[in-house]
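Just so it is clear, the model here is predicted, and its values are computed rather than measured.
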Amino acid sequence: MKNVLFLLFLALCGIQLFIPAQMAWSAKDVLTSGEIFKFKTIPVDPNDPFRGKYVTLRFEEARYTFDTLQWQEWQSYDTFYAYLYKDAQDFARISELSPSIPIDETPYFIVKKGYTTQYKDSVSVRLDFPFDRFFMEESKAPAAERIFRDASRDAQEQTYATVRIKNGDAVLEDVMVNEVSLRELAEEEVRNEVSKN
Amino acid sequence: MTEYYPQRVTPQDERSTNLLTIVFSILGALLVGMGIILIIAHNWDNLSLTPKTLLAFAPLITGQAIAGYSLLHKKEQANWREGSATFLFFAVAACIALISQIYNLEGELAGFLLMWMLLCFPIAYLLRSSMASLLFFIGTTWLGTQVGYDYSPAVAKWWYWVLLLLGLPYYYWLYKRAPHSNFFNYHSAIIAVSIAIMLGSFESAHEDWYGVAYVALAGVYYLIGRSDFFAQKRVLANPFLILGSLGIVIPFLVGTFRDLWEEIWSRTDTESLFSAPTFWISVLLLGGVLALFWYNTKRSTSKEIPYIGLAPFVFLILFLLGSRMPILSAIIANICVLGLGIITTLRGVERDHLGILNYGLLIITALIICRFFDTDISFVIRGLLFVAVGIGFFMVNSWALKQRKSA
């Protein structure tokens, strides 16, 4: 009986290790071999506080317009597949939203339907992307928030997220401000503050 | 002097020394552990993904190792089983959370809680850990509030009920093995509160029938609390009785206001009633009340018949009457609350229990306070009423104490 119990415990340990390991493995696979896309970010509501230890990201592409007829057919779906292409500046754009995956090699990722706004001949849908949180180390979080918020509001500055996409899975790699990683900028600012004090 | 003071320490001194050593060892280990965590945290950003991922698994592997050791070598020691199971329970969550943060993975709280609970519910059974079981029920309730009251849940609502069923065998095992333990009492309280919270999560056009459903659930709890097994416990160790009693008294108190009945029926659509989940939940729970009342009456060794357990049927009548005669419903509710207060007070006197006696007086006081805000009685009469109730409190308590002293 003791052996059976211990064997069951070992099986449980295996499952407990497998689940997070599988999460990490899938994400690592996408980061290693996925195609890189740059998604432009837009300013975050200043009243939306830095929740926990992550930067909330909002994307220019996170709004899609359906014509009324198409919306009537698809409004019951909660998730869609966003087909992607790269524009002239190499930023990611959504060419199409569909309830089914592309039949060709078009890169895509899964988005969730957010709130909708009805117009006369069309419906505008806000999309929830699966990479809207960028986690930061605790001490650098406030500096990162300030830098990102100020840069998002400045038309001269370019803020975007680099995302790796593979077979519909999307993993956030980094957040950039004018080609420099937000983590590096935040670390530099923290170092400058420490040396001033 | 050497004869006066013993040269050898007593066994009690040895135990104290050992305990002190253990406490300081634990403190030392905690401080070292926290120091390591802080050093790692400071250098976190300098680590690449692989070392971060390996560190994320460290608490989980440690927890599993300690739990495995407990299972193999310390199976009969409750402190080892409970401690290791609790640590492992939280280590699973820490690992999943860390992996999600390292890879910036999106996830809703409900999905995280579901995964956590599914991975941890076997811990209670394998390690015979009541603490792990309690944490499981708390986590399940938390999941239930996320999926039950969200309009667009990613996780299906029925997962709460599945998890609840998965956890109940452990509660039954506690009932059989340790029915008078604190853990059993805590389980009873948490399960009762959990089900009460989740009862309101069924979407329905007839939400006002929730009033009937909740009073019926309270009736079920009250009758469970008055069964032979629970009735022998102290009142504070009988959460079913406490929740059941409050769950009956409070809705009736609210029902003493005529406005409530008028408001309910002004916005109720009677056409789709038989397709509403709330209606059938009410029917099911009222059936449960009847079954338990029959069981308590026929099988109980106590001669007391728990008539208060049938209060949900009275509430149902008030609810149905309220559509045509809201004033009558309010008047009957007033009489019911007064009756409940008096019966409870008398019960307190009979059982020589000051807590029950004062609870009965509190019910009457609450009723009077409600009338204070509801009717056009003059200030003088209201003041006299309050004074009378206050004097009544003192007199009844004083009389009960005298009875106790003379007994």
| said: If the test is side-chain contact (heavy atoms from CB on, under 4.5 Å), which one of B/Leu119, B/Leu127, B/Leu126 qualifies with A/Leu12? | reply: B/Leu126
| query | Checking heavy atoms, do the side chain of A/Ile19, its backbone, both or neither come under 4.5 Å from chain B? | reply | side chain
| Does B/Tyr186 OH have over 12 foreign heavy atoms under 6.0 Å away? | no
| said: So if I take each residue of residues 162-180 of chain A and look for any heavy atom under 4.5 Å from a heavy atom in chain B, which residues do I end up with? | reply: A/Val171, A/Leu172
| task | Can you measure from CH2 (A/Trp25) to OG1 (B/Thr53) and round to the nearest 0.5 angstrom? | result | 11.5 Å
| note | Cut-off 4.5 Å, heavy atoms of chain B, and the answer for A/Leu10 is neither
| note | Cut-off 4.5 Å, heavy atoms of chain A, and the answer for B/Leu60 is side chain
| For chain A, which of B/Leu105, B/Ile123, B/Leu72 has the most heavy-atom pairs under 4.5 Å? | B/Leu72
| task | Kindly compute the distance separating CD (A/Gln22) from CD1 (B/Ile99), expressed to the nearest 0.5 Å. | result | 11.5 Å
| B/Ile61 CD1 to A/Cys13 SG distance, which is reported to the nearest 0.5 Å | 10.0 Å
| said: Sub-4.5 Å heavy-atom contacts with chain A: which residues of residues 87-97 of chain B show up? | reply: B/Leu88, B/Val92, B/Cys95, B/Ile96
| CH2 of A/Trp71: more than 12 outside heavy atoms within 6.0 angstrom? | yes
| said: Between B/Phe57 and chain A, with a heavy-atom cut-off of 4.5 Å, which part of the residue counts as in contact: side chain, backbone, both or neither? | reply: side chain
| From CD (B/Gln64) to CG (A/Leu17), nearest 0.5 Å | 4.0 Å
| Where A/Phe9 and B/Leu71 come nearest, the two heavy atoms and their spacing | CB-CD2, 3.5 Å
